[in-house]
Structures are given as structure tokens and as C-alpha cells.
Amino acid sequence: MPPPPGHHHFSHLACLLLAFLLLPGTAAGLDNGMGRRPPLGWNTWKTCGEATCGHDVCNEREVKAVAEAMLGNGMAALGYDFVNLDDCWASPDRDPNTSALTWDAARFPSGIPSLIDWLHARGLKFGLYTSAGNQTCSSGGRPRPIPGSRGHYAVDAKTFAAWNVDYVKFDWCGDIKKQVLKGKQAHVDFARAMNASGRAMFLEVVAGYFFFWSDIATVANSWRFCTDHHDEWKSTNVEITCRIDQTHKSEGAPGGWPFMDMLLTGGQGCSPLSKGAHCPGQTDDEYRTAFAVWSLSQSPLIVATDVRKMTAVMNQTLLNKDLVELHQSTATPPGKHLAYWECAEPLMCEVWGRKIVANGTSWMVALVNHGKKVHNITVEWKELGFADGEAATVVDVWDAQRRVVDSNAKVSFSARVPSHGSAVVRITKL
Ligand code: GLA
């Protein structure tokens, strides 16, 4: 973990005292060297295999098929290298001798360690899910509840380490959900168990932000700070608004990244009853907007839809080289909401942006339309720190040819943006 801002101004003693006050009984935070860049990958949660698509069903054949798709469709080459199992992999029974979690043998007949070896041999990384409480959030259609990690943090962290897991998602379900006062200590305890496991593993927490606010980077490499993301515009809109509202720690830095939850670009998987049809819950414009805001603000890009069925919009957005490369760059701070733009509707439009280079001469800007109608949205030079009259070129980043849409913009740039859509442009001073 990087030291918190201002860290160097504290004396060592003051730091220790502060740590003692904030985290009784703990040493330093999760200093595991992981997450120097925000992770990219896939998660099983919305690639639904059952009739109602209400919960996750994963199995070894599906996971390998998805991994092969990622290796073949350009995702892995662009850096999407995490293959993460959500709440779908464990069996209802711990090992009676070691108390270790065990995998669902019907879903994973060759076992999780052998699946991990298979992925590692192909240059991919692997993530697993567990919960802070005594049960996970969903039994995944199984008749008995799935155990969470409560009371077993050390053994679970050691088991994940022994299997060579690379990423752990630490959810907030089971008995602990009603014991909010235990939340902070549970996160500290699990982070310490991860540190003591003998293997550096990336740690995503779902609820930790609510217990730590600005200190969350001391216990996790990424943290959710809003509700679950679902495949509908209302939910995408909530995530974007949340990002603007959560000022405490909505900016990531190497080692720790605020997570806007999974990306649903292209639509969640359909039930087998829909016979292979694709089921998008949002328009292509809405998926592009989500990707623009997630990538500019450097949220982890964990896709949860079925990447075996890449639609045109999935190809255009998930594989957008400029946006993914900028997402992985740590040359400048994460992008953010720069300004509101008054659209003639109850909902405001927004300007999001990120410096591409530290001296601020080049920016990636997203003009986001939250309204129901088409709007002209403008970014003004003062929002980018440019002087009025300074000339810049503007390139359309959604356009496959990256065409110049204005070769001599001065003072501002405006684009016509469809409802819930976004214009994403690179603006560079001449
Ligand atoms: C919670 C989490 C989701 C998912 C499910 C699994 O709702 O927020 O991301 O992991 O549990 O049951």
C-alpha cells in the first residue's frame, strides 16, 4: 500500500498512535504489493446457467470455455487476465478433518487447484469468492447454505494460498450482516490472515468501505462503495451518481481502487430456455457510457457477462485499446466528474475527464447524457485547465478510425450525444 497522503509529515510515533486509535490491535494495513494497476478480467456472476438467471451457476467446463474465449477474442492480449469465480464454487461442507472449504465436486470434478494450474499455464490469473460471515449471499440453487469464512479466516486464507489463488472477493453476508459493529474488525482480521497466508493475493472487499471510509486502502486492494450493479440503466445511473457522491475515497491509487462493481456490457447471460439468445438489459449507448465512466475513473474492469458471445458493442467497448490502455496507466490520477452541463431536462448531463499526460496537455473526456432526449454537451477549456483561445485537436475514441472531429477547437468542444449515451474524445493541445 502507498502511504496515505501527508504520511511523511507524521512522526513515526504519531503514526503508531493513529494506527492504534483507528485499528485497535492491528499492525500496518494490507501491504501486499498487489493491485499496482486496477485489475481487468471476468467474473461468473452474470453468466447465468440456470432457468431464472437469478443466481450464479459455474462449473469447470464453463470457466475453461470462457478462459479460451478470452484468449482468443483479444481480451487477454489487452490485459483482461483475471478469471474470477463468484458465489458458485464451494460445497456446503467444510473438510471434517482440516475445516478447509471444499469445492462443489459436481461442478468441479477435477478440483479447483487443477483448474488454477490450467489457467496459470495459459497466462491467466484466478479469483475466488468468500464471505465475512458464516454464510455466503446465495446458495446458488443448492439445497443447503454455503459456508462463509467466519471463524475460519486463517484456514481459508491459507487454503486459498495453497491452491495458488491470485484474487479473493470478500463479501458481506451471513450472520455478520446483522452485526455491523464487528465489520471493521472482521475486515482487519481477514486482511491480516491474507498477509499471513504466505501468498500475495489481491483482496476485493464488498462492504469494507462502509467501515473504513478514507482508510479502506489499508485493508483492501479494491472496495465496492455502492449497491450491486444490475443490467439496467437505472442501476448503472446509481453507480455513476455514487461515484460522484462518495468523496471520501472515490479516487484510486496504485495498490487500492474503488470498484463500481461488475461491468455488464452486452447484457447478462440468458437462461437455457432462451436457447442461446443474447439478452441485453441496456442499450449499446448505455453500455458505452458505463465503460467510459468505469475506465476513466479507473474502477476495476471486471466483466460479468458472457464473453463467449461477444456482440458488436462488446467488441467496440471492452476492446477499446485507447480506453483500456489509459485505464492501466498510472501516469496521472484517475479521471473524475469535472462538471455538470445543463441539459433542458430534470437530469443533468455531465463532463468526465482524465489527464492522459501529467503536464495536462492531453485529456480523455466523456460527455455523458443522463437525459431522455438527444443533447449537445460541451466541455469548456477552463474545465481542462486550458486557456481560452488555445487550439486543440479532438479525436473520437468510439470511432474505429479515430477520426479527428475538430482539428482546431478553441474555448470549448461540443458534441451531439444520444440519450444515456456518451461522446468520448481525446483532446490534445496543438
Ligand atoms: C452479493 C454481492 C454480489 C454477488 C452476490 C453473490 O450480492 O454484492 O456481487 O457476489 O452477493 O451471492
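Just so you know, ligand 1 is whichever comes first in the structure, and atom 1 is the first atom listed for that ligand. Numbering of residues begins at 1 and proceeds along the displayed sequence.
Distance from atom 11 (O) of ligand 1 to its nearest protein heavy atom, with residue and atom name: D171 OD2, 2.9 Å. Nearest to atom 9 (O) of ligand 1 among the protein's heavy atoms is K169 NZ, 2.8 Å. Of all protein heavy atoms, the one closest to atom 7 (O) of ligand 1 is D228 OD2, 2.8 Å. Closest protein heavy atom to atom 4 (C) of ligand 1: D86 OD2, 3.3 Å.
T317 and T265 share no side-chain donor-acceptor pair at under 3.5 Å. Using modelled atom types, one finds a donor on one side chain and an acceptor on the other under 3.5 Å when comparing T332 with R354. Judged by distance alone, the side chains of E286 and H420 do bring a donor and an acceptor atom under 3.5 Å apart. In the model, Q282 has a side-chain atom that pairs as donor or acceptor with a side-chain atom of D231 under 3.5 Å.
Shown in contact with M262 at under 4.0 Å from a heavy atom are these atoms of ligand 1, numbered in order with element: 9 (O). Close approach of ligand 1 to S138 is summarised as follows: ligand atoms under 4.0 Å from at least one heavy atom of the residue are 12 (O). The distance from ligand 1 to the heavy atoms of R224 drops below 4.0 Å at these ligand atoms: 8 (O), 9 (O).
Ligand 1 is never approached by W172 to a heavy-atom distance shorter than 4.0 Å.
Under the 3.5 Å distance criterion, the side-chain polar atoms of Q298 are matched with a main-chain donor or acceptor of H327. A donor-acceptor contact shorter than 3.5 Å is absent between the side chain of R288 and the backbone of S422.
Of the candidates T136, D87, N43, the one placing a heavy atom closest to atom 12 (O) of ligand 1 is D87.
Using the six-membered ring where Trp is involved, Y153 and F170 have ring planes that are perpendicular, over 60° apart on the 30 and 60° scheme.
In terms of N/O distances under 3.5 Å, ligand 1 is not approached by D261.
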